[in-house]
Amino acid sequence: MAASACFVVGARPNFMKAAPVYRALRELDGSCELLLVHTGQHYDQRMSDVFVEELELPEPDVFLGVGSGTHGEQTAKALLGVEQVLLDHEPRVCVVAGDVNSTLAAALAASKLNIPVAHIEAGLRSFDETMPEEANRRLTDHLSRILFAHSESAVANLVAEGIESQRVHLVGNTMIDSLMRYLPPALAHAPWERFSVEPGSYGLVTLHRPALVDDPDLLGRTVRALETLAVRLPLVFPVHPRTEARLTEAGLDPARLEAARLMLCPPLGYLDFLALQAKAAFVLTDSGGVQEETSALGIRCFTLRDTTERPVTVDLGTNTVLGVDPDAIRAIPDLLADQRTSNREIPLWDGKAGERAAEVLLGFLAREDVFEETRG
Ligand code: UD1
Ligand code: UDP
């Protein structure tokens, strides 16, 4: 029997965005045949399996084992793999999330087979074309029949690019659904105890963008600035595998960087990382998703990038864009002392975005049924 919807995930930030929609479809219509495909863009247990387990997703029906490689190689392998799955299972809709290479590959495979694409987190734009994700975002959006936007500015970006407004659905942020669902059990784990730090008295750091970590000079200066900051406040730094590789290449062996209060560790599971964010004095990051999660949690976020595709986190949330500038890290203690406190609630980041997206998908599938019957 043909699947109703095929969900394609592949990299760490995909799981928390897709899971709420997958779950809501299951709950709203038990007869929906769902297929879960994992491209294997991320494959380490700590970058992949841990999220399937903690976000209570079923084991993927198909694992493509795409792995690492150049952009072309990774995208092409995922394209070929997803195409075969779509040919085998003939889903009625293909659901993709975010802006990673697997997202674009799946959208391309589906659209060439005339399978409608639904894109979770549509409409984000950094307007920085040097970011590999920017091409993935634009192309995926233009290949999609159903576009789920999480904020007004995302809707405006899509409309400005000429995408029909009937295709765009402002449903809110599915990543925040995951956050709201899992925050209570996450806090119960008290992961800060493992780092011997007190809630509210440490900084949390994540860095993985090529613009920063693939530049040995910037990376070295960033590490030195972190060491200086750690003298003021202990820092917990779960290191992304790209960053770990670059630190090692630059002779900055993570094992040797462990100054007393700069605590490097392997990537953390979702629950541990969520709880550490929720109790941090601040978060320093270049992650996209972390800018959103800190805003939802009301935790100050300093973004070590020149742009953000998530302006709502600056306008209504807790985010400050510092620039790709290691020296800006030194200003964090003063910025924290500054009374820029209460962030405002972001419309539709309310834990129900997955349900709203699932209702749109079910409405779409029902309309297609009527269309097929009329045609038949
Ligand atoms: C990818 C996404 C980026 C996203 C990030 C989330 C693209 C273009 N980039 O970047 O948008 O923010 O994921 O984390 O899709 N590696 C491992 N184990 C793994 C995965 C990766 O060791 O499980 C190492 C490999 O050396 C690999 C490198 O990390 O070459 C980069 O992985 P890749 O998936 O190409 O890009 P990310 O930097 O993870
Ligand atoms: N995250 C995690 N463990 C970590 C670092 C991040 O579970 O050690 C989660 C984080 O809470 C968020 C997602 O990973 O839900 C963000 O993914 P990432 O930063 O890799 O990608 P981006 O959002 O930048 O594309």
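Counting starts at 1 for both ligands and their atoms, in listed order.
A salt bridge does not link Arg209 to Asp214: none of the charged nitrogens lies less than 4.0 Å from a carboxylate oxygen.
Of the protein's non-hydrogen atoms, the one nearest atom 22 (O) of ligand 1 is Pro241 CB, 3.3 Å. In terms of protein heavy-atom proximity, atom 26 (O) of ligand 1 is nearest to Ser68 OG, 4.5 Å. Considering only non-hydrogen protein atoms, atom 8 (C) of ligand 1 sits nearest to Asn101 OD1, 3.3 Å. Closest to atom 10 (O) of ligand 1, if we only count protein heavy atoms, is His42 NE2, 4.4 Å. For atom 29 (O) of ligand 1, the nearest protein heavy atom (residue, atom name, distance) is Arg242 N, 3.6 Å. In terms of protein heavy-atom proximity, atom 18 (N) of ligand 1 is closest to Asp44 OD2, 2.9 Å.
Counting the atoms of ligand 1 from 1 in the order shown, those under 4.0 Å from a heavy atom of His71 are 8 (C). Close contacts of ligand 1 with Pro13, meaning ligand atoms under 4.0 Å from a residue heavy atom, involve 6 (C). With ligand atoms numbered from 1 in the order given, ligand 1 contributes 23 (O) to contacts under 4.0 Å with heavy atoms of Met47. Taking every heavy atom of Leu268 and a limit of under 4.0 angstrom, the matching atoms of ligand 2 come to 2 (C), 3 (N), 4 (C), 7 (O), 8 (O). Per-residue contacts place His240 under 4.0 angstrom from the following atoms of ligand 1 (heavy atoms of the residue considered): 14 (O), 37 (P), 38 (O), 39 (O). Annotation for ligand 1: atoms under 4.0 Å from non-hydrogen atoms of His208 are 4 (C), 5 (C), 6 (C), 12 (O).
Using a non-hydrogen distance threshold of 4.0 Å, Gly269 registers as a contact of ligand 2. Distances from ligand 2 to the non-hydrogen atoms of Glu133 include no value under 4.0 Å. Ligand 1 has at least one atom lying under 4.0 Å from a heavy atom of Gln74. Under the 4.0 angstrom criterion for non-hydrogen atoms, Met47 is not in contact with ligand 2. Ligand 1 does not have Arg46 within reach: every non-hydrogen atom of the residue lies 4.0 Å or more from it.
Relative ring orientation between Trp349 and His150 is described as perpendicular, the plane-to-plane angle rising above 60° on a 0-90° scale split at 30° and 60°.
Around the CZ atom of Arg232, the shell of radius 6.0 Å holds no more than 12 heavy atoms that belong to other residues, nucleotides or ligands. The environment of Glu198 atom CD is sparse: at most 12 non-hydrogen atoms of other residues, nucleotides or ligands sit within 6.0 angstrom.
Neither side chain, Thr103 nor Asn136, offers a donor N or O lying under 3.5 Å from an acceptor on the other. Between the side chains of Ser4 and Glu33, no donor N or O sits under 3.5 Å from an acceptor N or O. Checked by atom type, the side-chain pair Thr285/Thr206 shows a donor-acceptor distance below 3.5 Å. With no hydrogens or angles considered, no side-chain donor-acceptor pair links Tyr270 and Ser178 at under 3.5 Å. Asp88 and Gln84 form a side-chain donor-acceptor contact under 3.5 Å, judged by distance and modelled atom types alone. In the model, Asn101 has no side-chain atom that pairs as donor or acceptor with a side-chain atom of Gln41 under 3.5 Å.
At a 3.5 angstrom cut-off on N or O pairs, Arg12 counts as close to ligand 2. Below 3.5 Å of separation, one finds an N or O of Gly288 facing an N or O of ligand 2. Every N/O-N/O distance between Met175 and ligand 2 stays at or above 3.5 Å. Between Gly289 and ligand 2, a contact under 3.5 Å exists for at least one N or O pair. Among the atoms of Lys17, none of the N or O lies under 3.5 angstrom from an N or O of ligand 2. Here's the thing with Ser287: one of its N/O atoms is less than 3.5 angstrom from an N/O atom of ligand 2.
In Glu133, the part holding a heavy atom less than 4.0 Å from any atom of ligand 1 is the side chain. Contacts with ligand 2 closer than 4.0 Å are made by heavy atoms of both the backbone and the side chain of Tyr270.
Residues Phe364 and His169 place their aromatic rings such that the two centres sit no closer than 6.0 Å.
Compare Val100, Thr70, Thr39, Val66 by their heavy atoms: the one nearest to atom 2 (C) of ligand 1 is in Val100. Proximity annotation for atom 11 (O) of ligand 2: of His208, Glu293, Arg209, Arg305, Glu293 comes nearest, heavy atoms only.
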